Amino acid sequence: MTKAVTWDAKTDSCDVGSTSIRRVVDLESLPFAANMIYPDAVPSELQELSSRFGAQHFDQNSFDLLLSFHAFLVRNGKHTILVDLCCGNDKDRPTRPAWHMRNGPFLDNLAKAGVQPTDIDFVMCTHLHADHVGWNTQLIDGAWVPTFPKAQYLFAEKEFTHWQREHEKNPPEPVLYGSYLDSVLPVIDSGQAQLVKSNHQVDNGIHMEAAYGHTPGNVIIHVEDTDGHAILCGDAIHHPIQLAHPEWSTNFCTDPVQSRETRMAFLNDYADTQTAILPAHFQAPDYGRIEQDGKSYRLAGH
Ligand SMILES: [Zn+2]
């Protein structure tokens, strides 16, 4: 029988059988007004939701939502994989001040996990939004080059093709705040990108699954072992507030209706199971099981 995968707050990691998953932080506790992310958020409800989910996920005075931007490092003895590459350094994002011209310690945090950029053999992005591709590249001598020189970067073909078309439609308009040009295209140009089907299997027990809606080619990533199951679910769910309100899609979803259907089916499938849910923006240490709570859901143990 599958065992529950439990997140160890001390090591910021969990084990799925013999595969380890560790969080590598780029940015944490970034505040966002609830309405800035969720158009359906009701201001009068925020105080209650804020005390329900606690100071880890909500500023207790302003009731702003707090989000983390981290990658997950997946190691199974054979492969060293990074999933969702956050915001990056030196990226020109004038309309996104928190992501603009950063000088953050992401690579130091990776080194603390005992991993050098040359150790990474696969990079995977659940989708190509600017906060999931940033560390794909770094600025060296004025040029954007892949940060992980030996890695194959796996992009879902459906996702890549969508943004490529958007880019070709509006050449003067920077697509994805400029990240298509500085964090995706250089990887294609270097020959390190592989365009894959939405259900691509990377290795035994590590595979992608379509979870369309947040973006047209959005995927989630399963890590499975006879002993356990975790899902790196990217932005299928952004913040615990969507456990209380699974029907709320974000302002950043390309298809809010499809995004809602995908999220509600996902939560319904995995609530009250042993599967650990590891979203791309939940604050530590709330990665783990979810439970049904009437018509909505809660983090197990809360
Ligand atoms: Zn995101």
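For reference, positions follow the sequence shown, starting with 1. What you see is a predicted model, and the numbers here were worked out from it, not measured in a lab. Counting convention: from 1, in listed order, for ligands and their atoms alike.
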Atom of Ala156, atom of Met208 and distance for their closest heavy-atom approach: CB-CE, 4.1 Å

Is any side-chain heavy atom of Ile241 closer than 4.5 Å to one of Leu46?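 Yes - at least one pair of side-chain heavy atoms lies under 4.5 Å apart.
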
Decide yes or no for Leu85 and Val123: does some side-chain heavy atom of the first lie under 4.5 Å from some side-chain heavy atom of the second? yes

Distance from His129 atom NE2 to Thr254 atom OG1, nearest 0.5 Å? 6.0 Å

Atom pair SG (Cys86) and CZ (Phe69), whose distance is rounded to the nearest 0.5 Å: 9.0 Å

Ring centroid separation His132 to His281 under 6.0 Å: yes

Counting only protein N/O/S, how many atoms fall short of 2.8 Å from the Zn ion (ligand 1)? 4

